[in-house]
Number of protein chains: 2
Amino acid sequence: MSNKIFDAILTQAITKVKTEKQQKIVESAIQLFAEKGYSNTSTAEIAKASGVSEGTIFKHYGTKDKLLLSVILPFVSELFPYMAQELIKKTMSENTTTFEQFLRSLIKDRVEFVTENREIFQIVVKEIVYKDELKKELLPYALANIPPIFKKVLEEFRERGELVDLPADKILKNLVTFLGGFFVSRFLLIDDFNVSEEEIEDAIQFVMNGLRNPQNNALE
Amino acid sequence: MSNKIFDAILTQAITKVKTEKQQKIVESAIQLFAEKGYSNTSTAEIAKASGVSEGTIFKHYGTKDKLLLSVILPFVSELFPYMAQELIKKTMSENTTTFEQFLRSLIKDRVEFVTENREIFQIVVKEIVYKDELKKELLPYALANIPPIFKKVLEEFRERGELVDLPADKILKNLVTFLGGFFVSRFLLIDDFNVSEEEIEDAIQFVMNGLRNPQNNALE
DNA sequence: TTACCTAGTAAGTGATTACTCACTTATGTG
DNA sequence: CACATAAGTGAGTAATCACTTACTAGGTAA
């Protein structure tokens, strides 16, 4: 993460034993932040919703900002580094699957994860869009960690002749653009409570084949 | 728009002659809302930035919310209804182009428009994500107006054999997902000051052909 | 018991919030 | 000019904000 404060909050959020009231605080904060946004949620509201005095929140979390971070950070740290390892495992193994199969399992896996943590996902997206400081911390982190690994995987599949003959950067850019749009639209704009198999399959076909009719002779 | 308050604010924002101070207020509001978000910008800040007393803002706009709307509404009303008419014009004319050409001119045109209004675009996206009320007003409006027209166009091209043999709904869903991701990532996440021709061309190729290597015999 | 720690509380704190109001100044218009 | 209307002001306002502080209660260990 390359950020000491972030590290401290993250390890504390994961390791520290929480009291009942502390859990209630986090639960209420998640629900309220997801619904109304961080800036539009007051600490008084969180206190009331979790049946706790306002002082208790500050005893445990110090500031409202740190409360937000102890909600967000465990999620993002599980969202990304996981991907790195799993990606390599899934592609570089000997009994390699096709790129389409790889993409399918990746999407399904992450859809499941985000479905289980939809409220926190909503908070993360909202605040990355809204709070510049958070964007400036999280975006470079994501951009520095994900692309390199992803690129390797893409290059591997391209060498096997499965992918279009384009630089991995370009492939990645468009893939991330589409997947980003997919997750944000399904989990944030429309609060779809389950993304169907069919929809996932349609998305995969779109990524693989695009919109052009393969029978069409007017190629190029 | 189907909303009387919205209509009133929109027509007033467009038709009413503005004083110098009023223009300064709107300019400063746009800049501040885009940078820090609506919720994190106080009317006092706007007043100071535009060299005007706070009272003046409320004299003209009544509430902070109405000020936001008079910034946003002219933009969205120009972003969408335009598309409807132009879309039909561009596709249904006799000397019809290919779908790829249609897509190219659509993207280039809207990239230009958003580039010219990037700050307002940022405000709109931020507040749709953040303010539930706005999302609930604007999203149904967009969903009710755009898909029907778009669908017609897509069906036209599909009948010509240019597009994959899928229902227009499904094609549209993935296309909108990608284009949404494209605009948001380029104009909001990365504040790209000009989206290059090359990047647009890559996006078009992705939408048309997907990622699969056409020479690959492992089709299906 | 004594001493100490942690969890939790209730009542504050000053600063900031969106908004109001009584008022002055400018701009026409008959 | 006289008078009306609109534009603009700045000092308020109550409410709300994140955060603090002095405190109690209960468990633990020497």
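For the numbers below, each heavy atom of this structure counts, side chains included, while hydrogens, waters and symmetry mates do not.
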Closer than 4.0 angstrom, basic N to acidic O: yes or no for [X] and [Y]?
| X | Y | result |
| --- | --- | --- |
| A/Glu100 | A/Arg104 | yes |
| A/Lys151 | A/Glu155 | no |
| A/Lys170 | B/Glu199 | no |

Exam field: side chain B/Ser70 to backbone B/Leu67, donor-acceptor pair closer than 3.5 Å: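 Present.
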
Mutual orientation of the aromatic rings belonging to B/Phe178 and B/Phe206 [parallel < 30°, tilted 30-60°, perpendicular > 60°]: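 Tilted: the ring planes of B/Phe178 and B/Phe206 meet at 30° to 60°.
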
Parallel, tilted or perpendicular: ring planes of A/Phe183 versus A/Phe187, cut at 30 and 60 degrees: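 Because their plane-to-plane angle is under 30°, the rings of A/Phe183 and A/Phe187 count as parallel.
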
Contact boundaries on DNA chain D for chain A, cut-off under 4.0 Å to non-hydrogen atoms: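 Span of nucleotides near chain A: D/dC17 to D/dT20.
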
Residue-level proximity of residues 47-54 of chain A to DNA chain C when a heavy atom falls under 4.0 Å: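 The answer is A/Val52, A/Ser53.
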
For DNA chain C, the residues among residues 56-72 of chain A that have a non-hydrogen atom under 4.0 Å from it: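 Of all residues in residues 56-72 of chain A, the ones placing a heavy atom under 4.0 Å from DNA chain C are A/Thr56, A/Lys59, A/His60.
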
Close approaches to DNA chain D from residues 11-23 of chain B, in residue order (heavy atom, under 4.0 Å):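 Contacting residues: B/Thr19, B/Lys21.
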
Close approaches to DNA chain D from residues 35-43 of chain A, in residue order (heavy atom, under 4.0 Å):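 Nucleic-acid contacts, sorted: A/Thr41, A/Ser42, A/Thr43.
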
Residue from A/Leu69, A/Asp65, A/Leu139 passing side chain to side chain contact (heavy atoms under 4.5 Å, CB included) with A/Leu134: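 Single pass found, and it is A/Leu69.
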
Between A/Gln31 and A/Glu35, a side-chain donor and acceptor under 3.5 Å: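 Yes, side-chain donor-acceptor contact under 3.5 Å.
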
Residue list, side-chain hydrogen bond (donor to acceptor under 3.5 Å, both in side chains) with B/Lys36, at least two apart or on another chain: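 Applying side-chain hydrogen bond (donor to acceptor under 3.5 Å, both in side chains) to B/Lys36 gives B/Glu45.
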
A/Tyr130-A/Tyr38 aromatic ring centre distance below 6.0 Å: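 No - the distance between ring centres of A/Tyr130 and A/Tyr38 does not fall below the 6.0 Å cut-off.
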
Side chains of [X] and [Y]: does their closest heavy-atom pair fall under 4.5 Å?
| X | Y | answer |
| --- | --- | --- |
| B/Lys59 | B/Lys21 | no |
| B/Arg186 | A/Thr177 | yes |
| A/Tyr61 | A/Ile9 | no |

Minimum heavy-atom distance B/Leu32-B/Thr41, with the two atoms named: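 In terms of heavy atoms, the two residues are closest at O-OG1, 3.5 Å.
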
Face-on cation placement of B/Arg118 at B/Phe121 ring, 6.0 Å and 45° thresholds: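 No; the conditions do not both hold, so B/Arg118 does not lie above the ring face of B/Phe121.
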
